[in-house]
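Since the structure is predicted, the reported quantities are computational estimates derived from the model, not experimental observations.
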Number of protein chains: 2
Amino acid sequence: MKVTIKDIAAAAGVSPATVSLVLNNRPSRIAEETRERIKKTAEELGYTPNSAAVLLKTNRSYTLGLLIPDIRNDYYGKYAKGMEDACQAKGWSAFFCTTNNNPLKERQYIETLHAKNVDGISIITTPSNQSALFLENRDLILSYGIPMVQMDMTGYRKPANAVISDHFKGGYMAARHLISLGHTEIAFITGPKFLEGSASRILGCKKAFEDAGLNWNPSLVFEGNYSYESGYVAIDNLISQKFTAVFAFNDLMAYGVYNSLDKYNLKIPDDISVVGYDDNFTSSIINPPLTTVYQPIYEMGQTTAEILIHAAEHPDHEPVVKEFDLQLIVRKSTRDIRNDI
Amino acid sequence: MKVTIKDIAAAAGVSPATVSLVLNNRPSRIAEETRERIKKTAEELGYTPNSAAVLLKTNRSYTLGLLIPDIRNDYYGKYAKGMEDACQAKGWSAFFCTTNNNPLKERQYIETLHAKNVDGISIITTPSNQSALFLENRDLILSYGIPMVQMDMTGYRKPANAVISDHFKGGYMAARHLISLGHTEIAFITGPKFLEGSASRILGCKKAFEDAGLNWNPSLVFEGNYSYESGYVAIDNLISQKFTAVFAFNDLMAYGVYNSLDKYNLKIPDDISVVGYDDNFTSSIINPPLTTVYQPIYEMGQTTAEILIHAAEHPDHEPVVKEFDLQLIVRKSTRDIRNDI
DNA sequence: CTGTTAGCGCTTTCAT
DNA sequence: ATGAAAGCGCTAACAG
C-alpha cells in the first residue's frame, strides 16, 4: 500500500539505510550517481516518509499543540492562523484543540497531545482560566516536560515562555483618546475582575484620568465577561447615568453596546462614542466602523510557534517573555465633542 | 522520561504483553486481581500510550485531516468545530489545515496528512477549487487510498463521500421570500459562475420568479466572488438601475452591500431589503440583523467526521452522499413593501 | 562508500 | 492465566 524506504531500496538496488541517508540529506559520502538514482525512484514511487516511524525513532514529531477556548472567535482565529503559518514555514504542523473554556476538556486534550508527542504546547488565558483546575493543567504540561508558551497569561509565572501585551498601556491609550476628544464622563465595561489583563486595563484608564486631572467615577464601571451579551446588558445597567462615551474591553462587548444603544435610540458617535479592544474583522465592517485597540495577535501566534520550535530544537532553551505593542485604530465610532454646545 | 508499558510491567511484576491486553480491554482471561493491579499502577505512573507506536503497529491514527480555505471565515469555523466535536466524542483527533485557496499549499498539506497517516480527509469546494490543480489534489487523496468526504462539492463526482445542501432550494427560498414581500425588482449578487453551487442558486431564483409570473432581468445580476469587497463593488455597479431588494449569495457580500448602500444614503430595510446566505455570527449582531439562508454547517462538519470514522473502521464502506436542509432566517433586513404608496 | 544491525513502544500470535 | 517474540518503518552507530 504505502511505499516505504524498503521498497525504494529494493527498486534502486541499495539498502534501506542508504536510502534514509540520501533522503534526509545526511552528511555522508554516498556516490553522486547513487544519490540521484535513489531520489529518482523515491519520486517515481511517490514516497512519503511515515512520520510515525520517524517519531518513534527520533522522538520528534515536528508538531505543536494549540489549546484555544474557541476557534470561532476571530481573536483566537487570528492567533491560530499566525501559529499555523509559522509552523508551515518551517515544515512543522499544528494541532488545534478547542477547549470551550472547559478545564476537563483541556486536560483531556493535553493528554492527547502528550500521547501524540507534540514538541510544544501553547495555552491561552481565558475568562475562567485562573481556576485551580486550569492551573493544574499548566503543571501537567510542565510535568510532561513539554515546552509551553503562555499567551496573555500575565498572572501566572512559572518557568515557561510567554507572549504578552501591555494591558495597562492599552487601557491608557483608549481612555486618553476619549479624553482628548473632550469626553469626561466615560463608562467602562471591563472583563472579569479576577483576570489580570482586565485589571491592568482599568489601572491604565485611571492613570489617563489622573493625568488629565479628571475624577474617576466608579459607578460608571461595569464588570462584563467579554461576551456580546454582557456588553448589551451593561448599557441597560448604565443607561440611567450620564455618560458620553463607553470603552468596552473587547470588541464583542462593543457590538452588544451598539445594539443596546440603538434600542435606546442613541446614535454612535453623535450621542455616544464607543471604543473597543482587539480589532476583530467585524469591527471594520460594522456601522459605524469601531474605534478599537489593536493587538498584533497574528504576530503573537507566529512568535509562539517560533519560540516553541526553538525550544524543541534547543534543549537548553531559557524561558523567554515577548511583549507586543498595541495600536489605537481610530475609526468612526468616536467623535470630538469639545465644540458641542 | 515518558512512561511506557514496560515500566508498568516492571512495576506490576508482569509482562508488557499482559499490560497491553489489560489496558486495551482485550477479551482475554487475565485474572481480575492482576487487571486491577495493572490499571492501578498505570494510573499511578501517569501512563499515556505512545500513539506513534500504536499507529506504527496498527496502522490506525484515529486522526482526521481537514483542508479548509480559511479558518477565520465563520462559515468554515463552524464546520471545523462540528468536525472537531464529533471527533472528540469518539476519541478521535482532527488536524486543521488552512489552504488559503492555494492548490500548491493544499497539495503540500495532503502529503503531510498522508505522512501523518490520517484515517480520513475532508475537503471543501471553494471559489477557485475547480481548477485542474485542485482536481488533481482530489485524485492524490484517492490514490493514497485515504477515505475522503467532499463538502459542498456538487460538481465533482468520484467514488467518494459527500456532504451537501440543496443550493437550488436555497436560492428559491430567498427569492420567494423577497417576492412574497412585494419585491419585483431584485438585484442578485452571485458567486463565481463556474461554481455549481452558485449556478444552482441562480436557477432557484429564476424558478421563483417564474412561479410568481415575474420577469427575470439579467442586468440586475452581478457576479461576485464571495468576498466583502465584491458585495461593496456590486452595489456601485448596480446603483444606476432600479431595484428594491438585493439577494447576496453569502453574508460576507451582504455586509459589503450594507456599507455600500449606506454610502448612497439608502436605508435597510426602508429603502432596500437585503438577504444573505450562510448565517454567520456577525449577521445577528449587525444593524439591522440580516435575513439569511441558514446552512446547518456545524452538523455538516459533524456528519463529515462520522462518515470518515465509519469509513476508516469499515474497509467495505460504500460512498455515501448526505444532503442537508436549509432554513430561511427572517430578521430585520427585509421588509414588506406591498402597502407602500 | 555502502550495508548490517539494533531498537524506538506497542500489539498480537503462539507457547507455556 | 500469562509470557516470549516478532515486527510495524525508520534512524544511527558500527562494520565492512
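Straight-line distance from the NZ atom of B/Lys6 to the P atom of D/dA5: 13 Å, rounded to whole Å. Between A/Leu21 atom CG and C/dC1 atom C1' there is a gap of 10 Å when expressed in whole angstrom units. One interatomic measurement links the two molecules: CG of A/Leu23 to P of D/dC10, which rounds to 9 Å at whole-angstrom precision. The OH atom of A/Tyr47 sits 4 Å away from the P atom of D/dC10 (whole-angstrom rounding). Rounded to whole Å, atom P of C/dG7 lies 18 Å from atom CG of B/Asn50. Summarising the geometry, the separation between CD1 on B/Ile8 and P on D/dG3 is reported as 14 Å, rounded to the nearest angstrom. Distance NZ (B/Lys116) to P (D/dC10): 14 Å, rounded to an integer number of Å. In this structure, CG of B/Asn117 is placed 12 Å from C1' of D/dC10, rounded to the nearest angstrom.
Taking side-chain N and O atoms only, B/Thr18 has no distance below 4.0 Å to OP1 or OP2 of D/dT2. Under 4.0 angstrom from either OP1 or OP2 of C/dT12 there lies no side-chain N or O belonging to B/Ser20.
Between B/Leu56 and B/Ala17, the residue anchored closer to the 5' end of DNA chain D is B/Ala17, taking for each the nucleotide with the nearest heavy atom.
Using a 4.0 Å heavy-atom distance criterion, A/Thr4 is classed as a sugar-phosphate-only contact. Within the 4.0 angstrom heavy-atom criterion, no nucleotide atom of any strand lies near B/Asn59.
When all heavy atoms are compared, the tightest approach of A/Pro69 to A/Thr98 is O-CG2, 3.3 Å.
Salt-bridge annotation for B/Glu299 and B/Lys322: absent, with no side-chain N of the basic residue lying under 4.0 Å from a carboxylate O of the acidic one. At a threshold of 4.0 Å, the pair B/Asp7-B/Lys2 does not count as salt-bridged, since none of the basic side-chain nitrogens sits closer than that to a carboxylate oxygen.
Under 3.5 Å, the side chain of A/Lys57 and the base of D/dG9 form no donor-acceptor pair of N or O atoms. For a distance-only test at 3.5 Å, the side chain of B/Lys2 fails to qualify as a donor-acceptor partner of the base of C/dG9.
Proximity note for B/Ala53 (side chain, C-beta onward) versus C/dG9, D/dC10, C/dG3: the nearest is C/dG9.
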Open item on the list: With ring-ring contact (aromatic ring centres under 6.0 Å, His included) as the criterion, how do A/Phe95 and B/Phe95 come out once you've worked through the C-alpha distance, each side chain's angles and the decisive distance to 0.1 Å?
Closed with: CA-CA 6 Å; A/Phe95 252 114; B/Phe95 252 114; 3.8 Å; yes
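Using cut-offs of 30° and 60° on the angle between ring planes, the pair A/His114 and A/Tyr144 is parallel.
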